[in-house]
Amino acid sequence: MSDKLIDIPSAARLRLDGTALVHNWRTLDAMSGNASAGAAIKANGYGLGAAEVVQQLQSAGCRDFYVANWQEAKEIETYIGTDSSVSVLNGVRAEDMPFAITSSAKPVLNSMEQVQRWRNIGRSCDIMINSGMNRLGINAEDLPAFDWNTLDIDIVMSHLASADQDGPQNIDQLDQFVGALQHVSGKRVSLSNSAGIALGQAYHFDCTRPGLSLYGGKQRPEFSQSIRQVAFPEAQILQVRALRAGDKVGYNAKYVATRDHSIAILALGYADGYLRGFSGKGIFLKDQRALPVLGRVSMDLIAIDISNAPDLLESDWVTAEYDLPTASGQSGLSQYELITGLGNRYTRCWA
Ligand SMILES: *Cc1c(COP(=O)(O)O)cnc(C)c1O
């Protein structure tokens, strides 16, 4: 019988820099001007761990948190102080009501059906306005027919579809939103996600809702100097081997050695969110020496060239290059996919 008390250390870990997380929130809060920055912590804090993220940001002064659904609200409720707010972005379905009416989190009402569902509950809510993204939200033309004073509305919000680019859609959405605000009011108004914060004061209103940039995402040049990397995937070397010119590596022999050199096999793969887009493109690092990925990324294993670090041995650790814009360029994945896809086999280590 196995001893359930014996710890089996993981061969992959996610080093998480809490100082950088707090720095990023403070930077986004300052960039938000008179508005206060909240934090989107949906999808388990973009994969890094919602409980840790909430605790660190709340200590830093963040008070408004955004999750996708009620399961996520429930997972963090014990960490939420009485002066903080949690908004459930996906709104409230009939199935959510038994939990929602007992929860200290509030729904973001996205449709008139949801408004009808919540109007007699007598508890706080937020309202999402569709300003042209046509995802979730109440259309501006449906606003005048309802008496919004019958609801206890905290935040009236909308969401920007293209804030990462400078184009006409941002100002269009701002205009639509400002028009809609003539028909519905709450305690606070909010429009901007991370990228929207960089669009300037007209987009700030009372509170902003950054997500990606808290976790190191830099989708606009305004963030390139100020936002810091938070998540550093690290993997242990399972085997070192010497290749001869002509030797093939990995599935379908996508790498063939053109010279004699050493490689290392890492305990990491696409099941850990290090997807196949990094095949032949990703870089690992040891003391700033670059160790390129060779051939295909497998489910649980990756081969890297260790010519630049011949001292590496079995059981040593290396770090993936995971600065989000850089890794996005290498892999063709979005910065969002890169951060939210980091799987459950990592030990998450906050420092
Ligand atoms: C995810 C989300 C955010 C955060 O967006 P980022 O681009 O990650 O900063 C803000 N508001 C809403 C409604 C969202 O769905």
Side-chain angles (χ1 to χ4, degrees), residues 21 24-29 31-32 35-48 50 53-54 57 62-70 72-73 76 85-92 105-111 114 125-138 154-165 169-170 173-174 176-177 180 186 188-199 203-220 222-223 226-231 324-325 328 333-342:
L21 174 74
N24 291 343
W25 178 76
R26 291 207 167 109
T27 299
L28 293 158
D29 190 50
M31 286 178 78
S32 299
S36 57
I41 55 161
K42 58 201 185 186
N44 193 28
Y46 285 48
L48 305 189
V53 170
V54 165
L57 294 185
C62 182
R63 289 294 174 268
D64 297 306
F65 297 95
Y66 302 88
V67 295
N69 60 42
W70 295 92
E72 293 179 358
I76 54 152
S85 91
V86 175
S87 301
V88 179
L89 292 165
N90 285 1
V92 63
K106 61 198 150 112
V108 179
L109 303 180
N110 290 305
S111 67
Q114 293 183 7
C125 61
D126 298 335
I127 300 287
M128 175 66 79
I129 307 291
N130 173 27
S131 59
M133 187 179 191
N134 288 307
R135 207 171 58 166
L136 296 177
I138 300 168
D154 182 3
I155 302 172
V156 178
M157 69 179 82
S158 191
H159 190 50
L160 295 167
S162 309
D164 56 327
Q165 300 165 352
Q169 195 181 9
N170 296 324
Q173 286 198 266
L174 178 61
Q176 290 283 324
F177 185 46
R188 301 183 287 170
V189 173
S190 176
L191 178 60
S192 287
N193 61 344
S194 302
I197 292 170
L199 297 179
Y203 292 80
H204 293 160
F205 297 94
D206 299 310
C207 43
T208 58
R209 311 186 305 273
L212 183 73
S213 292
L214 293 172
Y215 312 107
K218 293 175 272 193
Q219 289 200 298
R220 295 188 56 98
E222 292 86 345
F223 297 128
S226 52
I227 293 296
R228 284 163 52 181
Q229 185 176 346
V230 175
L324 292 177
S328 176
L333 298 165
S334 75
Q335 297 183 42
Y336 294 89
E337 292 166 304
L338 287 171
I339 196 84
T340 59
L342 298 166

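Each ligand, and each atom within it, is numbered from 1 in the order the structure gives.
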Below 4.5 Å, heavy atoms only, C-beta onward: do Phe205 and Met157 meet side chain to side chain?
no
Hey, are the side chains of Thr208 and Met31 touching, using non-hydrogen atoms and a 4.5 Å cut-off?
no
Need the list: ligand 1 N/O atoms against protein N/O atoms, distance under 3.5 Å, rounded to one decimal.
| from | atom 1 | to | atom 2 | distance (Å) |
| --- | --- | --- | --- | --- |
| ligand 1 | 7 (O) | Asn193 | ND2 | 3.1 |
| ligand 1 | 7 (O) | Tyr336 | OH | 2.5 |
| ligand 1 | 8 (O) | Tyr46 | OH | 2.5 |
| ligand 1 | 8 (O) | Leu212 | N | 2.8 |
| ligand 1 | 9 (O) | Ser194 | N | 2.8 |
| ligand 1 | 9 (O) | Ser194 | OG | 2.5 |
| ligand 1 | 9 (O) | Gly211 | N | 2.8 |
| ligand 1 | 9 (O) | Leu212 | N | 3.4 |
| ligand 1 | 11 (N) | His159 | ND1 | 3.4 |
| ligand 1 | 11 (N) | Arg209 | NE | 3.0 |
| ligand 1 | 11 (N) | Arg209 | NH2 | 3.3 |
| ligand 1 | 15 (O) | Lys42 | NZ | 2.6 |

Ser131-Gln173 side chain donor-acceptor pair, cut-off 3.5 Å
yes
Let me check something: any side-chain donor-acceptor pairs from residues 39-47 under 3.5 Å, sequence neighbours excluded? List them with distances.
| from | atom 1 | to | atom 2 | distance (Å) |
| --- | --- | --- | --- | --- |
| Asn44 | OD1 | Ala50 | N | 2.8 |

Would you say the side chains of Gln165 and Ser162 form a donor-acceptor pair under 3.5 Å?
no
Do the non-hydrogen side-chain atoms of Ile155 and Lys106 ever get within less than 4.5 Å of each other?
yes
